[in-house]
Trainee: 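If you scroll down you'll find the structure; I have some questions about it.
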Amino acid sequence: MEEVKTNFIYQEIDKDLAQGKNGGKILTRFPPEPNGYLHIGHAKSICLNFGIAKHYKAACNLRFDDTNPTKEEVEYVDSIQEDIRWLGFEWEGEPKYASDYFEQLYQWAVLLIKKGKAYVCELNAEQIAAQKGTPTTPGQDSPFRNRSVEENLDLFERMRKGEFKDGEKILRAKIDMASPNMHMRDPIMYRIIHRHHHRTGDQWCIYPMYDFTHGQSDFIEEITHSICTLEFEVHRPLYNWFLDQILEGESAPEVRPRQIEFARLNLNYTVMSKRKLLELVQKGIVSGWDDPRMPTISGLRRRGYTPESIRMFADRVGVARRDNVIDLALLEYCVREDLNKRAMRVNAVLDPVKVVITNYPEGQVEMMETVNNPEDESMGTRELPFSREIYIERDDFMEEPPKKYFRLGPGREVRLKSAYIIKCEDYKKDADGRVSEIHCSYYPDSRSGADTSGIKVKGTLHWVSAAHAVDAEIRLYDRLFMDEAPDAHKDKDFKDFLNPESLSTLKGCKLEPFLAGVKPLDHFQFQRLGYFSADKDSRPGALVFNKTVGLKDSWARSNK
RNA sequence: UGUCCUGUGGUGUAAUGGUAGCACAGAUGGUUUUGGUCCAUCUAGUCAGGGUUCGAGUCCUUGCGGGACAACCA
């Protein structure tokens with residue numbers, strides 16, 4: 001039962017299939033450049049490409065677009081694979097690399113030179129920019145545009161041999177310097193970069209540009225549908241032009257890749273460009289690519305998001321061609337939706353205040369049975385220790401509570417979840433006027449599951465037994481940026497909108513003893529608070545939890 | 001003052017010439033030993049004008065709004 005939402009890309013593929021294109025074959029690809037970690041925007045693309053493969057019972061390749069050794073690193077290659085697998089997808093065969101095709105690409109470049117469709121140009125970057133024109137004015141031909149084929153061949157071969165320095169020469173396609181499409185104005189095919197490449201080592205000192213690489217790599221792999229984001233739309237004529245050139249005079253191939261663009265994902269209160277995310281990492285504004293405030297896959301994972309929740313999100317945002325900004329609330333909804341059904345309910349008190357149950361026998365401990373997840377009976381039950389002194393949330397007591405406050409206050413009664421009903425008899429304050437201890441009585445005949453007291457209360461509180469509680473550090477997160485579109489302000493840097501309170505670390509939190517032995521990335525609902533999971537920094541005796549997302553809180557909302 | 005893309009509730013996304021639907025967000029009520037979940041109800045939309053048609057969100061046209069394109073990045 002694949003409930004894949006339909007979108008225009010599926011419709012285009014269906015049309016191609018109906019026309020008998022590509023021999024009925026479907027093959028997609030996910031083509032990251034290994035120059036950063038994957039983020040939630042990539043997750044949309046991954047779910048789309050792998051989702052199409054799954055829907056059509058076809059496959060999806062993973063191909064690293066590694067044509068720029070100045071930016072790419074093995075660390076990124078590894079993290080990308082880990083993230084895709086974690087999301088629940090498996091690519092076809094071994095990971096592929098554009099660098100696997102360097103020799104073939106070189107031969108195709110030679111072919112273009114021989115056809116008089118490419119030339120070696122000696123203009124520098126500024127000169128090229130200057131003669132390129134603007135979107136509204138045509139460019140001018142390079143003085144090197146009409147070199148002989150022989151000279152171009154010789155020069156290009158010497159470029160490969162390393163006879164020239166970086167930037168000294170480039171290979172350009174000879175198309176049309178007056179084209180209204182800037183990308184058709186004799187685009188650069190190869191540039192000289194004397195730099196070690198993470199896979200080909202020092203074998204090459206010339207590297208093909210994206211435009212001369214991507215379409216041909218798709219062709220080599222027999223990708224049928226090359227799906228990318230909207231900014232590549234203006235590249236499509238060039239994508240097709242290069243394919244036309246290398247296919248000219250050949251018999252028609254079985255598969256001719258087709259580029260289709262869709263609108264990238266934008267999230268409010270978030271930046272999504274790898275360049276900006278890298279800056280946050282490099283400047284130490286966040287702790288790393290996997291900082292739980294980052295919109296990276298690794299950040300979301302550490303934050304406690306599940307692969308299922310991210311896939312659900314990708315499914316719900318849809319795929320179209322118009323620009324969009326998705327509300328962060330939808331992402332949060334998806335993770336709540338998933339975790340609600342799966343997360344074990346436990347008790348944790350983030351900001352503890354002690355309650356002494358004055359009529360409860362000193363030294364007595366009762367084990368209270370409690371359900372692990374009311375949404376899933378199969379998750380069973382467990383026992384919680386109850387004793388004379390417990391902790392409750394400081395928020396759950398008010399000296400002068402308003403009428404609609406259902407929690408504890410002088411003379412008020414509440415249910416302790418899975419335990420007794422208590423009544424507040426008295427409380428103490430410290431020198432600063434802070435409530436330091438609350439004294440309550442309990443109703444022995446109100447025990448959960450065996451309540452014969454007949455008392456009705458409006459509120460139920462979570463709690464932990466003071467003597468049995470384990471301490472933990474809990475990290476709470478708020479959005480990283482205070483502005484809905486931090487990178488959309490012309491005169492301001494996106495970092496001007498950083499939220500100084502995006503991380504708050506709580507120490508001395510009190511957890512029920514069950515939590516002492518949990519593993520990182522196990523998901524829990526801290527009853528009445530939200531979803532949490534143990535951080536990778538967590539150690540036995542020094543527990544650390546991350547708040548993934550809070551529960552919906554209509555009380556807090558109505559009090560705003 | 002170019003070329004291309006794109007305009008459907010607050011935010012997304014369907015409707016492929018035939019009843020504008022779904023989700024999130026928001027509001028209200030019910031259930032509840034989580035102020036959660038769940039259930040019910042409500043709010044709110046085709047950018048504007050003209051045209052074609054029995055019938056237009058959809059096709060044509062003219063405007064207007066938004067976006068992309070001038071890296072030896074991808």
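Just so we're on the same page: letters track the sequence lines, and every chain starts at 1.
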Trainee: Would you say A:Arg264 reaches B:rG67's phosphate, i.e. side-chain N/O to OP1/OP2 under 4.0 Å?
Mentor: no
Trainee: Honestly, is A:Arg160 close enough over A:Tyr106, meaning NZ or CZ under 6.0 Å from the six-membered ring centre and within 45° of the axis?
Mentor: yes
Trainee: Nearest heavy atom decides the nucleotide; on that basis, is A:Ala125 or A:Arg415 closer to the 5' end of RNA chain B?
Mentor: A:Arg415
Trainee: Does B:rA44 have a Watson-Crick or wobble mate here (both distances under 3.5 Å), and if so which one?
Mentor: none
Trainee: Distance to the ring centre below 6.0 angstrom and angle to the axis at most 45 degrees; does that hold for A:Arg147 and A:Tyr119?
Mentor: no
Trainee: For the side chain of A:Val234, starting at C-beta, report the closest nucleotide among B:rA68, B:rU34, B:rC72.
Mentor: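 Of all the options, the side chain of A:Val234 is nearest to B:rA68.
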Trainee: By nearest atom, which of the nucleotides B:rA74, B:rG12, B:rG35 is closest to the A:Val317 side chain?
Mentor: B:rG12
Trainee: For A:Leu328, which contact category applies under a 4.0 Å heavy-atom criterion: base, sugar-phosphate, or nothing?
Mentor: nothing
Trainee: Taking only the C1' atom of each, what is the distance from B:rC24 to B:rU43 in whole angstrom?
Mentor: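 One C1' to the other, the span is 15 Å.
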Trainee: For A:Ile192 and A:Asn340, find the nucleotide of RNA chain B closest to each by heavy atoms; which residue's nucleotide sits nearer the 5' end?
Mentor: A:Asn340
Trainee: State which of B:rA14, B:rC24, B:rC38 makes the closest approach to the side chain of A:Ala329.
Mentor: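 Selected nucleotide: B:rC24.
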Trainee: Could you check which of B:rU34, B:rC73, B:rU3 has an atom nearest any side-chain atom of A:Asn68?
Mentor: B:rC73
Trainee: Hey, does the side-chain of A:Thr136 have a donor or acceptor N/O within less than 3.5 Å of a partner on the base of B:rU1?
Mentor: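 Donor-acceptor pair under 3.5 Å: no.
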Trainee: How is A:Arg407 classified with respect to the nucleic acid when contacts are heavy atoms under 4.0 Å: base, sugar-phosphate, or nothing?
Mentor: base
Trainee: What does A:Arg321 touch in the nucleic acid at a heavy-atom separation under 4.0 angstrom: a base, only the sugar-phosphate, or nothing?
Mentor: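 Result for A:Arg321 = sugar-phosphate.
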Trainee: Grab the CG-P distance between A:Asn347 and B:rU34 for me, whole Å please.
Mentor: 12 Å
Trainee: With C1' as the reference atom in both, quote the distance from B:rU34 to B:rG67 in angstrom, rounded to an integer.
Mentor: 45 Å
Trainee: Taking the side chain of A:Arg557 as its heavy atoms from C-beta onward, which of B:rA68, B:rA27, B:rG35 lies nearest to it?
Mentor: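 My answer, after comparing the listed nucleotides, is B:rA27.
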Trainee: Nearest whole angstrom, please: distance from the P of B:rG36 to the CG of A:Leu339.
Mentor: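 Going from CG in A:Leu339 over to P in B:rG36 covers 17 Å.
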Trainee: What nucleotide, of B:rC38, B:rA74, B:rA27, holds the atom closest to the side chain of A:Glu337?
Mentor: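 My answer, after comparing the listed nucleotides, is B:rC38.
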Trainee: Using whole Å, report how far OH of A:Tyr239 lies from P of B:rC4.
Mentor: 22 Å
Trainee: A:Asp65 side chain: which of B:rG12, B:rA74, B:rU33 is closest?
Mentor: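 Nearest to the side chain of A:Asp65 among the choices is B:rA74.
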Trainee: What does A:Thr67 touch in the nucleic acid at a heavy-atom separation under 4.0 angstrom: a base, only the sugar-phosphate, or nothing?
Mentor: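 The answer is sugar-phosphate, as A:Thr67 gets under 4.0 Å only of primed atoms, P, OP1 or OP2.
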Trainee: Are the side chain of A:Thr229 and the backbone of A:Ala263 linked by a donor-acceptor contact shorter than 3.5 Å?
Mentor: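 No, the answer is negative, given that no donor and acceptor are paired below the 3.5 Å cut-off.
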Trainee: Please report the distance separating the C1' of B:rU11 from the corresponding atom of B:rA70, rounded so that it comes out in whole Å.
Mentor: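 Result for the C1' pair: 34 Å, nearest Å.
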Trainee: Check every strand shown and say whether A:His214 touches a base, only sugar-phosphate, or nothing at a heavy-atom separation below 4.0 Å.
Mentor: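 No contact.
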Trainee: Is the ring pair A:Phe532/A:Phe526 parallel, tilted or perpendicular, if the boundaries are 30 and 60 degrees?
Mentor: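 Correct class here is parallel.
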Trainee: Please check if the number of heavy atoms outside A:Arg382 that lie under 6.0 Å from its CZ is greater than 12.
Mentor: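 It does: A:Arg382 CZ has more than 12 such atoms within range.
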Trainee: By the 4.0 Å heavy-atom rule, please label A:Lys274 as base, sugar-phosphate, or nothing.
Mentor: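 No contact at all - A:Lys274 keeps every heavy atom at 4.0 Å or more from the nucleic acid.
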Trainee: Roughly, in whole Å, what's the span from OH in A:Tyr76 to C1' in B:rC73?
Mentor: 15 Å
Trainee: Please determine, for B:rG65, whether a Watson-Crick or G-U wobble partner exists with both distances under 3.5 Å, and give it or none.
Mentor: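 Across all strands, the one nucleotide that pairs with B:rG65 is B:rU6.
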Trainee: Is A:Arg199 close to A:Phe64 at the side-chain level, that is, under 4.5 Å between some pair of heavy atoms?
Mentor: no
Trainee: Rounding to an integer number of Å, can you tell me how far A:Met182 CE sits from B:rC69 P?
Mentor: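 Taking atom P of B:rC69 as the reference, CE of A:Met182 is at 11 Å.
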Trainee: Under 4.0 Å, counting only non-hydrogen atoms across every strand here, what does A:Asn181 touch: a base, just sugar-phosphate, or nothing?
Mentor: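 No contact.
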Trainee: Which whole number of Å gives the distance between the P atom of B:rC69 and that of B:rA27?
Mentor: 39 Å
Trainee: Output yes when at least one side-chain N/O atom of A:Tyr210 is less than 4.0 Å from OP1 or OP2 of B:rC73, else no.
Mentor: no
Trainee: Suppose you measure atom P in B:rU19 against the same atom in B:rG29; what distance do you get, rounded to whole Å?
Mentor: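 Roughly 36 Å separates the two P atoms.
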Trainee: Would you mind reading off the distance between A:Asp66 atom CG and B:rA74 atom C1', rounded to a whole angstrom?
Mentor: 12 Å
Trainee: Just call it for A:Arg336: base, sugar-phosphate, or nothing, with non-hydrogen atoms closer than 4.0 Å on any strand.
Mentor: nothing
Trainee: Between the side chains of A:Tyr210 and A:Glu33, does any donor sit under 3.5 Å from an acceptor?
Mentor: no
Trainee: Just N and O in the side chain of A:Ser554: are any of them under 4.0 Å from OP1 or OP2 of B:rG36?
Mentor: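 Looking at the OP1 and OP2 atoms of B:rG36, one of them is under 4.0 Å from a side-chain N or O of A:Ser554.
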Trainee: Whole-Å distance between B:rG35 P and A:Asp396 CG?
Mentor: 8 Å
Trainee: Answer yes if the side chains of A:Lys417 and A:Asn347 hold a donor-acceptor pair under 3.5 Å, and no otherwise.
Mentor: no
Trainee: Can you tell me if A:Arg191 touches the phosphate of B:rA74, counting only side-chain N or O atoms and a distance under 4.0 Å to OP1 or OP2?
Mentor: yes
Trainee: For the residue pair A:Phe524 and A:Phe545, categorise the inter-ring angle as parallel (less than 30°), tilted (30 to 60°) or perpendicular (more than 60°).
Mentor: perpendicular
Trainee: Check every strand shown and say whether A:Val457 touches a base, only sugar-phosphate, or nothing at a heavy-atom separation below 4.0 Å.
Mentor: nothing
Trainee: Between B:rG57 and B:rU46, how far apart are the C1' atoms? Round to whole Å, please.
Mentor: 5 Å
Trainee: Under 4.0 angstrom, heavy atoms only, what part of the nucleic acid is A:Glu233 near: base, sugar-phosphate, or nothing?
Mentor: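 Here A:Glu233 touches the backbone only, sparing every base.
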Trainee: Does the side chain of A:Arg528 get closer than 4.0 angstrom to OP1 or OP2 of B:rG35 through an N or O atom?
Mentor: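 So the side chain of A:Arg528 is within the cut-off, an N or O lying under 4.0 Å from OP1 or OP2 of B:rG35.
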Trainee: Within the structure shown, what part of the strands sits under 4.0 Å from A:Arg322 by heavy-atom distance: base, sugar-phosphate, or nothing?
Mentor: base
Trainee: Is A:Arg185 close enough to B:rC69 that one of its side-chain N or O atoms is under 4.0 Å from OP1 or OP2 there?
Mentor: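 Answer is no, no contact under 4.0 Å.
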Trainee: Starting at NZ of A:Lys552 and ending at P of B:rU32, how long is that distance when rounded to a whole Å?
Mentor: 19 Å
Trainee: Tell me yes or no: between the side chains of A:Arg29 and A:His214, is some donor less than 3.5 Å from an acceptor?
Mentor: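 Side chains of A:Arg29 and A:His214: pair found under 3.5 Å.
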Trainee: I need the residues from residues 157-169 of chain A with at least one non-hydrogen atom less than 4.0 Å from RNA chain B; give them sorted by number, or say none.
Mentor: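 A:Gly167 - these, ordered by number, are the residues of the stretch whose heavy atoms sit under 4.0 Å from the strand.
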Trainee: Could you please name the option among B:rU33, B:rA74, B:rG26 that lies closest to any side-chain atom of A:Phe232?
Mentor: B:rA74
Trainee: Over all strands shown, is A:Ile326 touching base, sugar-phosphate only, or nothing at heavy-atom distances under 4.0 angstrom?
Mentor: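 Counting heavy atoms under 4.0 Å across all strands, the contact made by A:Ile326 is with sugar-phosphate only.
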Trainee: Using only heavy-atom distances, determine whether the side chains of A:His462 and A:Arg528 contain a donor-acceptor pair under 3.5 Å.
Mentor: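 Side-chain D/A pair, A:His462 to A:Arg528: present.
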Trainee: With rounding to the closest Å, how many angstrom separate the P atoms on B:rG63 and B:rA56?
Mentor: 24 Å
Trainee: NA contact type, A:Glu375, heavy-atom cut-off 4.0 Å: base, sugar-phosphate, or nothing?
Mentor: base
Trainee: Look at all strands and tell whether A:Gln525 reaches a base, only sugar-phosphate, or nothing, counting heavy atoms closer than 4.0 Å.
Mentor: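 Base: the residue A:Gln525, judged by heavy atoms under 4.0 Å, touches a nucleobase.
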Trainee: Give me the atom names and distance for the closest heavy-atom approach of A:Met379 to A:Ala343.
Mentor: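 Smallest heavy-atom distance, with atoms named: CE-C, 4.1 Å.
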Trainee: Answer yes or no for this row: A:Trp555 ring on B:rG35 base, centroids under 5.5 Å, planes under 30°.
Mentor: yes
